[in-house]
Amino acid sequence: MGTLSISDYEVERHFQQLARWLRMESEAEIARMAERRQLQRDGHAEKSGETLLNMVIVDQTAGLGGLQLVTLGRKPQSSAMPWHRLRVGSPVVVSPMLDPSPGSSVSGVVSERGTDTLQVALSRLPDANVWRVDTAADEVTRQRQAAAINRAQSASGRLAHLRRVLMGQRLPEFNPLPDLPLPDYLNPSQQDAIRFARSARDLAVIHGPPGTGKTTTLVALIAAAVQSGEKVLACAPSNTAVDHLLEELVEVGQRAVRIGHPARVTPRLQHHCLDGLLEEHESQVVVKGLRRQAEDLLRQAEKWTRAPRANGERHHLRRAARDLEQEAKALERYMIRSVLDGADVICATTTFNDELLAQRHFDLVVIDEACQSTEPGSWCPLPFADKIVLAGDPQQLPPTVLSLEAAAEGFNCSLMQRQMELHGESISRLLNVQYRMNEQIMQFSSQQFYQGQLLADASVRHHRLCDLAGVAATPATERTLVFYDTAGAGWEEELEPNGLSKRNPQEARLVMCVVNEWLEAGVDPLTIGVIAPYAAQVRLLRDLASRREQREAWRGVEIDTVDGFQGREKEAIVISLVRSNHEQEIGFMADGRRMNVALTRARRGLTVIGDSATLGIAPFYQDFLQYVTEADAYRTVWEVDQGLSLGWDA
């Protein structure tokens, strides 16, 4: 048993700081919503990316839990959807365009996001033909995080022990590595990570760089725990990540149940979702019958009659209705317990409704994508844990934090990142074989972020776009990596009209050229992604792609910010870095983790466009320029074939 010299006072101050940051985040969200209202008054409501206007119903289906899954598209439907920040799982408010008052609005959750559509799960439909969709404040999540912090501060028993480990007052402890029978499809680093995590008595970390099969490793770890008779709680910060975990667990035959908002559940997973299982439960018919009786009694109580009622009759009818409703709720609680008792693995977002799990305890709690959650979010599942495994990559984007002040003070440091800084390599294992990128695409990130330890599996090491079926071998599809340097060309950034974001029209033109080369060679547009760090550049590129001469060929090409592509991959990626100015200002682009995400999305073809004279002010980009030069991937815009010019202005 080891200890570190961290006092109880320091621990108390840390939790007070977390609570303060949560309040700052709430205030920042209120300020952001006020800013959005100002943009609306100025006629630029959609500029923030948090509002969509003129939306109409494209499709509508029934979802679990009595929800309506409404697919919305732009009016007119031929027009492209503007860039927005609404992701799967985002809380939203849907309102009639002509009457966006609180009484006419309905709260919902984004359940699916398409190129030109947005599916929202709603309890009912607003009475309108044309709608607007706005990001909603997520105070429920923040309240749950605040409650988790309070529980951790006053913890006793196992949670108090975990708190001492996580706060650095006690060193994590490990048993000897077990000799586990593990699947042959796992590589040595994945097998080692699983054995290491199984040896942990309280805490272990699995560090999974891009493409290294982190989720596959976690699923095998969970299966090994279940095989040993353990109960597992598998969490992630986002609904998308939880659903991915659930799919993988179901694929390997685990008895898993998903709790939480049933907004986005594919038909084959409905039998693993709590709401779907409750709907199929043998007692469900009794619950519905009790509720029908309660509704009938309430209608009788409110019904007007010509003859006078017996003394207290209304009161007795209402009382009987309440008793029936209480009986229905008690039966529902029993049904929930029986469903969860039958599961070996329960899947949920980190900020789940903990009342569902009541007094349950889990031998193992796994948090996937742990670096995407602020620290309070990761504390939410810990009261249910005997030991925890955190998985993610601190070298990718940190948690999203609205309050710039809180982020600057450290609120964007995840619990996993803090553990790696606190305890070092003694608590973690690195997955070092990646199955996504051509070696030339991978190598820079490996050197810059992972001490050169990443290896490209033989199946991807030399694969190129021209190796895909139906793709012609051309210079554009044979080369794996290229950097186009715009220095000296006068391709300067500009501020978007009536906006705060930056764009670069000349870079946008070159992006169009690059993608058109791929398309003409036969690359499937669904396998092409365009990444820009600035929303204004994304909007500009989407506008160009939607023009008549491009629209059909580009249908399916995905254009989004770095944040929108995290966790994703495409066969071909082009990145427009935008920044080009005499002052050599690059803003948030100085954070190399953002570029790490962008650079590691491509499997077979990666093109980067940027101004070395501006970007080269940062050591990170100096290293990148040296890498592309040594890899014979450096080009200047002067070398671009002028015959590729599209003949129109951006």
Side-chain angles (χ1 to χ4, degrees), residues 49 83 85 87 207-211 237-238 241 369-374 392-404 406-408 410-414 416-417 420 434 436-437 441-450 454 481 483 493 500-504 507 511 529-539 541 558-570 573-581 584-602 606-612 614-625 627-628:
W83 173 83
R85 302 179 190 272
R87 312 290 179 197
H207 184 184
S238 70
E369 302 294 356
C371 292
Q372 295 300 297
S373 172
T374 58
D393 183 10
Q395 299 301 339
Q396 296 188 61
L397 290 178
T400 299
V401 174
L402 300 178
S403 170
L404 297 180
F411 194 38
N412 61 355
C413 179
S414 66
M416 175 175 159
Q417 180 179 346
M420 294 180 74
Q434 64 85 19
R436 175 187 300 168
M437 295 165 275
I441 297 173
M442 172 206 76
Q443 201 61 51
F444 175 72
S445 286
S446 177
Q447 294 170 0
Q448 196 76 17
F449 298 101
Y450 309 108
L454 284 192
L481 173 66
F483 172 75
E493 67 193 58
L500 300 176
S501 186
K502 294 175 174 61
R503 66 184 192 178
N504 192 312
E507 278 193 15
V511 167
V530 179
I531 300 178
Y534 289 90
Q537 186 78 342
V538 171
R539 282 190 282 267
L541 287 162
E558 190 168 355
I559 306 170
D560 211 335
T561 59
V562 181
D563 305 63
F565 270 97
Q566 175 134 321
R568 314 276 309 288
E569 64 179 50
K570 294 282 185 179
I573 289 283
V574 55
I575 305 170
S576 171
L577 297 178
V578 177
R579 300 311 299 264
S580 178
N581 56 74
Q584 294 184 300
E585 293 179 354
I586 61 175
F588 65 79
M589 290 299 295
D591 187 347
R593 291 176 299 179
R594 185 171 297 276
M595 270 300 286
N596 187 35
V597 172
L599 294 172
T600 55
R601 299 308 95 195
L606 173 64
T607 297
V608 183
I609 303 169
D611 179 356
S612 64
T614 298
L615 298 166
I617 190 68
F620 173 85
Y621 292 100
Q622 293 173 12
D623 292 343
F624 179 68
L625 291 167
Y627 176 75
V628 295

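Bear in mind that the values here come from a model prediction, so they are computed numbers and not experimental data.
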Indicate yes or no for a side-chain donor-acceptor contact from [X] to the backbone of [Y] under 3.5 Å, with no hydrogens or angles considered.
{"X": "Ser414", "Y": "Ser373", "answer": "no"}
{"X": "Gln443", "Y": "Ser446", "answer": "no"}
{"X": "Asn596", "Y": "Gln395", "answer": "yes"}
{"X": "Arg601", "Y": "Arg568", "answer": "yes"}

For a quick test of reading the model, state the closest non-hydrogen atom pair linking [X] to [Y] and the distance between them.
{"X": "Tyr621", "Y": "Leu615", "value": "CB-O, 3.3 Å"}
{"X": "Ile573", "Y": "Ala598", "value": "CG2-O, 4.4 Å"}
{"X": "Pro533", "Y": "Leu577", "value": "CG-O, 3.9 Å"}
{"X": "Tyr534", "Y": "Phe588", "value": "CE2-CE2, 3.4 Å"}
{"X": "Pro394", "Y": "Cys371", "value": "N-SG, 3.4 Å"}
{"X": "Arg436", "Y": "Thr600", "value": "NH1-O, 2.7 Å"}

Value rounded to 0.5 Å, distance of [atom1] in [X] from [atom2] in [Y]:
{"X": "Phe449", "Y": "Gln447", "atom1": "CZ", "atom2": "CD", "answer": "11.5 Å"}
{"X": "Asp393", "Y": "Gln372", "atom1": "CG", "atom2": "CD", "answer": "9.5 Å"}
{"X": "Leu481", "Y": "Ile441", "atom1": "CG", "atom2": "CD1", "answer": "6.5 Å"}
{"X": "Asn504", "Y": "Lys502", "atom1": "CG", "atom2": "NZ", "answer": "12.0 Å"}
{"X": "Ser403", "Y": "Asn412", "atom1": "OG", "atom2": "CG", "answer": "10.5 Å"}
{"X": "Arg503", "Y": "Gln537", "atom1": "CZ", "atom2": "CD", "answer": "8.5 Å"}

A side-chain contact here means heavy atoms from C-beta on lying under 4.5 Å apart; do [X] and [Y] qualify?
{"X": "Thr561", "Y": "Ile531", "answer": "no"}
{"X": "Val401", "Y": "Thr374", "answer": "yes"}
{"X": "Arg87", "Y": "Ser238", "answer": "no"}
{"X": "Ser501", "Y": "Arg539", "answer": "yes"}
{"X": "Gln434", "Y": "Pro209", "answer": "no"}

Using 30° and 60° as the class limits, which term best fits the ring planes of Phe624 and Phe444: parallel, tilted or perpendicular? perpendicular

Please test Val574 against Ile609 for side chain to side chain contact (heavy atoms under 4.5 Å, CB included), starting from the C-alpha separation and ending with a verdict. CA-CA 8 Å; Val574 55; Ile609 303 169; 4.1 Å; yes

Please evaluate residues Thr607 and Ile575 with respect to the criterion side chain to side chain contact (heavy atoms under 4.5 Å, CB included), reporting the C-alpha separation (whole Å), side-chain torsions for both, the decisive distance (0.1 Å), and the verdict. CA-CA 6 Å; Thr607 297; Ile575 305 170; over 6 Å; no

Should the pair Arg579-Glu493 be classified as a salt bridge under the 4.0 Å nitrogen-to-oxygen rule? yes

Taking 4.0 angstrom as the limit, do Arg85 and Asp563 come out as a salt bridge? no

Quick check, are the ring centers of Phe483 and Tyr627 under 6.0 angstrom apart? no

Please assess Leu606 against Leu599 for the test side chain to side chain contact (heavy atoms under 4.5 Å, CB included), listing each intermediate value before the final yes or no. CA-CA 8 Å; Leu606 173 64; Leu599 294 172; 3.9 Å; yes

Side-chain H-bond candidate by donor/acceptor type, Ser576 with Glu507, under 3.5 Å: yes

